[in-house]
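Here is the structure we will look at, set down as structure tokens.
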Amino acid sequence: MYELTMKRIEAQSEEDAHIGKLALMWVSRAKQRLTTRQLQEAVATPYVPGSFEAGEFQEEDITKLDLILSAAGGLLVVEENGKVRLVRE
């Protein structure tokens with residue numbers, strides 16, 4: 001299931017695939033569950049995979065939550081309390 005979903009994520013436009021993979025990375029690596037706003041801010045912060053260095057957050061780079069969730073291929077869920085988690089956590 002996850003392999004097929006990752007293929008669907010990769011098949012999106014380069015920008016959407018990047019957003020989806022970033023969102024999955026942030027949610028899976030966070031020490032605590034992120035709020036929807038925290039996830040949006042994390043995705044809006046430039047990051048080069050493998051660099052371990054994040055760029056500077058820019059408010060105008062905020063991505064709409066529905067786009068982030070869609071780009072993540074349905075692997076992210078927003079709980080009633082506004083926290084984001086992986087589908088099977």
Side-chain angles (χ1 to χ4, degrees):
M1 172 180 120
Y2 294 111
E3 190 175 322
L4 289 174
T5 303
M6 288 307 295
K7 285 181 181 177
R8 281 198 332 264
I9 290 171
E10 289 286 339
Q12 301 177 102
S13 70
E14 187 176 330
E15 183 179 353
D16 286 356
H18 179 72
I19 289 169
K21 289 188 280 185
L22 265 181
L24 289 169
M25 188 259 321
W26 280 111
V27 170
S28 66
R29 300 290 182 186
K31 291 187 180 201
Q32 60 188 27
R33 288 198 177 148
L34 301 174
T35 64
T36 54
R37 179 63 186 190
Q38 288 170 324
L39 178 59
Q40 287 177 288
E41 290 177 4
V43 169
T45 303
Y47 169 77
V48 178
S51 71
F52 298 107
E53 291 183 28
E56 192 172 317
F57 167 72
Q58 298 293 324
E59 180 74 32
E60 62 269 10
D61 292 335
I62 289 280
T63 302
K64 291 184 180 182
L65 183 62
D66 358 345
L67 176 63
I68 294 172
L69 297 175
S70 174
L75 293 178
L76 298 178
V77 174
V78 178
E79 299 177 326
E80 287 182 23
N81 63 5
K83 303 275 181 152
V84 182
R85 66 174 174 83
L86 294 170
V87 168
R88 293 198 170 213
E89 219 179 49

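Nothing here was measured: the structure is a model prediction, and the numbers come from that model.
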**Message:** If the test is side-chain contact (heavy atoms from CB on, under 4.5 Å), which one of V77, L75, L34, V78 qualifies with R85?
**Reply:** V77

**Item:** Minimum side-chain heavy-atom gap I62-R37 below 4.5 Å
**Value:** yes

**Message:** With side-chain contact (heavy atoms from CB on, under 4.5 Å) as the test, pick out the partner of K83 among T35, L39, T36.
**Reply:** T35

**Short side-chain to backbone donor-acceptor contact, S70 and D66, under 3.5 Å** = no

**Item:** Side-chain donor or acceptor of Q40 paired with backbone N/O of T63 under 3.5 Å
**Value:** yes

**Prompt:** Stepwise, does the side chain to side chain contact (heavy atoms under 4.5 Å, CB included) test hold for L24 with I9?
**Reply:** CA-CA 11 Å; L24 289 169; I9 290 171; 3.7 Å; yes

**Item:** Sub-4.5 Å side-chain heavy-atom contact between N81 and R33
**Value:** no

**Prompt:** Measuring from Q38:CD to E41:CD, what's the distance to the nearest 0.5 Å?
**Reply:** 7.5 Å

**Prompt:** If you draw a 6.0 Å radius around CD in E15, do more than 12 non-hydrogen atoms from other residues or ligands fall strictly inside?
**Reply:** no

**Request:** Please name the pair of heavy atoms, one in T5 and one in G73, separated by the smallest distance, quoted to 0.1 Å.
**Result:** CG2-O, 3.4 Å

**Item:** L76 side chain near V87 side chain, heavy-atom distance below 4.5 Å
**Value:** no

**Prompt:** R8 side chain to E10 main-chain N or O, any donor-acceptor pair under 3.5 Å?
**Reply:** no

**Message:** Donor-acceptor pair, distance only, cut-off 3.5 Å: does the side chain of Q12 make one with the backbone of A71?
**Reply:** yes

**Message:** Taking CD in E60 as the centre, count heavy atoms belonging to other residues, nucleotides or ligands within less than 6.0 Å. Is the count above 12?
**Reply:** yes

**Asked** Which heavy-atom pair separates F57 from A44 by the least distance, and what is that distance?
**Response** CE1-CB, 3.8 Å

